[in-house]
*Asks:* 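Take a look at this one; I'll ask things after.
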Amino acid sequence: MKITHKKFYLNNHPLIKKDITILRDKKTNPEVFRAAVKRISLILAVEISKEYHLTKIDVETPLEKTTGYLLKQNVVLVPVLRAGLGMVSGFLEVIPDAKVGHIGLQRNEETLEPVEYYYKTPKDIHNARVILLDPMLATGGSSSEALKYLKKRGVKNCVFACLVAAPEGIKKIANDHPDVSIFCAALDKQLNERGYILPGLGDAGDRTFGTL
Ligand code: PRP
Ligand code: URA
């Protein structure tokens with residue numbers, strides 16, 4: 001399937017390729033898995049934030065006055081529970097003053113439709129730059145639903161960061177949310193008949209939290 005979404009950004013950093021290999025390996029244990037998720041998240045956070053606007057401020061060094069900078073807009077990270085939680089610490093390392101909202105969605109393993117169970121986001125999220133975090137973009141049902149919720153809360157400026165994306169999911173986001181950029185660490189082949197990404201890495205939540 002050809003990727004036609006104009007806002008799809010695949011990060012080809014060599015360190016990401018190395019860490020995605022660690023995630024794919026079925027022998028990788030949860031501790032090593034979480035560490036690799038964190039390192040990839042750090043690189044994605046740097047890439048996503050490079051477009052952020054700044055406000056100039058005065059700052060005094062021990063020697064003289066000069067100009068410094070603050071981020072113009074607040075940042076809110078929104079992990080999709082559970083697996084999105086694994087990406088939070090890497091993003092917070094790069095953007096330490098970001099707020100963190102949570103969206104609880106679980107895919108019904110038969111219908112593959114997302115089922116909602118929890119929402120908690122900051123009151124001022126509508127003014128913020130929002131980064132939706134979910135390692136897996138499979139059918140796109142969960143992330144599309146999460147983006148719909150964020151837009152209902154008035155969010156205008158949102159990007160989606162994931163680790164592994166399937167063409168089917170990218171197509172769904174491009175169709176449902178053409179304004180949302182997708183930043184991704186690996187583009188995979190396709191979904192299998194159970195909606196799992198091939199070659200993928202299996203169930204990201206189970207691999208992160210050791211619930212296999
Ligand atoms: C996984 C993953 C995404 C979703 C992707 O979560 O973290 O949220 O599946 O699939 P989709 O694109 O087809 O919607 P899951 O529903 O397994 O929940 P979990 O993180 O609690 O295990
Ligand atoms: N969710 C996962 O965790 N992995 C997949 O491959 C698809 C959905």
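Along the sequence shown, residues are numbered consecutively beginning with 1. Counting convention: from 1, in listed order, for ligands and their atoms alike.
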*Asks:* Looking only at heavy atoms of G200, does any of them come nearer than 4.0 Å to an atom of ligand 2?
*Replies:*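 For ligand 2, residue contact (heavy atoms, under 4.0 Å) with G200 is absent.
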*Asks:* Looking at R82 and D134, does any basic side-chain N land under 4.0 Å from a carboxylate oxygen?
*Replies:*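 Here R82 does not pair with D134 in a salt bridge, since their nearest N and O are not under 4.0 Å apart.
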*Asks:* Can you find a non-hydrogen atom of R107 under 4.0 Å from ligand 2?
*Replies:*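 Checking ligand 2 against R107, which is what was asked, there is a heavy-atom contact under 4.0 Å.
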*Asks:* Starting at CG of L42, measure out to CZ of F91 and round the result to the nearest 0.5 Å.
*Replies:*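 It comes to 8.5 Å.
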*Asks:* What protein heavy atom sits nearest atom 4 (C) of ligand 1, and how far off is it?
*Replies:*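 Atom 4 (C) of ligand 1 sits closest to the protein heavy atom S142 OG, 3.6 Å.
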*Asks:* Could you tell me whether some N/O pair between Y117 and ligand 1 is separated by less than 3.5 angstrom?
*Replies:*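 Looking only at distances, the answer is no, because the N/O contact criterion of under 3.5 Å is not met.
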*Asks:* Closer than 4.0 Å to some heavy atom of M136 - which atoms of ligand 1 meet that?
*Replies:*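 Near M136, meaning under 4.0 Å from one of its heavy atoms, ligand 1 has 2 (C), 3 (C), 5 (C).
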*Asks:* Report yes or no: does a heavy atom of S143 sit under 4.0 Å from some atom of ligand 1?
*Replies:*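 Heavy atoms of S143 never come under 4.0 Å of ligand 1.
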*Asks:* Around atom 13 (O) of ligand 1, find the nearest protein heavy atom and jot down its residue, atom name and distance.
*Replies:*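 Looking only at protein heavy atoms, the one closest to atom 13 (O) of ligand 1 is T139 OG1, 2.5 Å.
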*Asks:* Would you mind running through ligand 1 and noting each atom that sits below 4.0 Å from a heavy atom of D134?
*Replies:*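 Listed by number with element, the hits are 2 (C), 3 (C), 7 (O), 8 (O).
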*Asks:* At a non-hydrogen distance cut-off of under 4.0 Å, which region of A138 contacts ligand 2 (side chain, backbone, both, or neither)?
*Replies:*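 Only the side chain of A138 comes within reach of ligand 2.
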*Asks:* Looking at A83, which atoms of ligand 1 are within less than 4.0 Å of one of its heavy atoms?
*Replies:*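 Once the distances to A83 are compared, the set is 7 (O), 20 (O).
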*Asks:* Decide, yes or no, whether a salt bridge links K171 with E168 under the criterion of side-chain N to carboxylate O below 4.0 Å.
*Replies:*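 No.
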*Asks:* Can you tell whether the side chains of K99 and D124 come within less than 4.0 Å, N to carboxylate O?
*Replies:*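 Yes, K99 and D124 are salt-bridged.
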*Asks:* Do N108 and E113 pair up side chain to side chain, a donor and an acceptor below 3.5 Å, judged on atom types alone?
*Replies:*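 The answer is no; no qualifying pair exists.
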*Asks:* Under a 4.0 angstrom heavy-atom cut-off, which atoms of ligand 1 come close to D203?
*Replies:*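 In order of numbering, the contacting atoms are 17 (O), 22 (O).
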*Asks:* Only heavy atoms count here, so choose which of R207, R82, E109 is nearest to atom 21 (O) of ligand 1.
*Replies:*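 That would be R82.
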*Asks:* So is A166 touching ligand 2 or not, going by heavy atoms under 4.0 Å?
*Replies:*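 No, that is not the case, since the closest heavy atom of the residue is not under 4.0 Å from the ligand.
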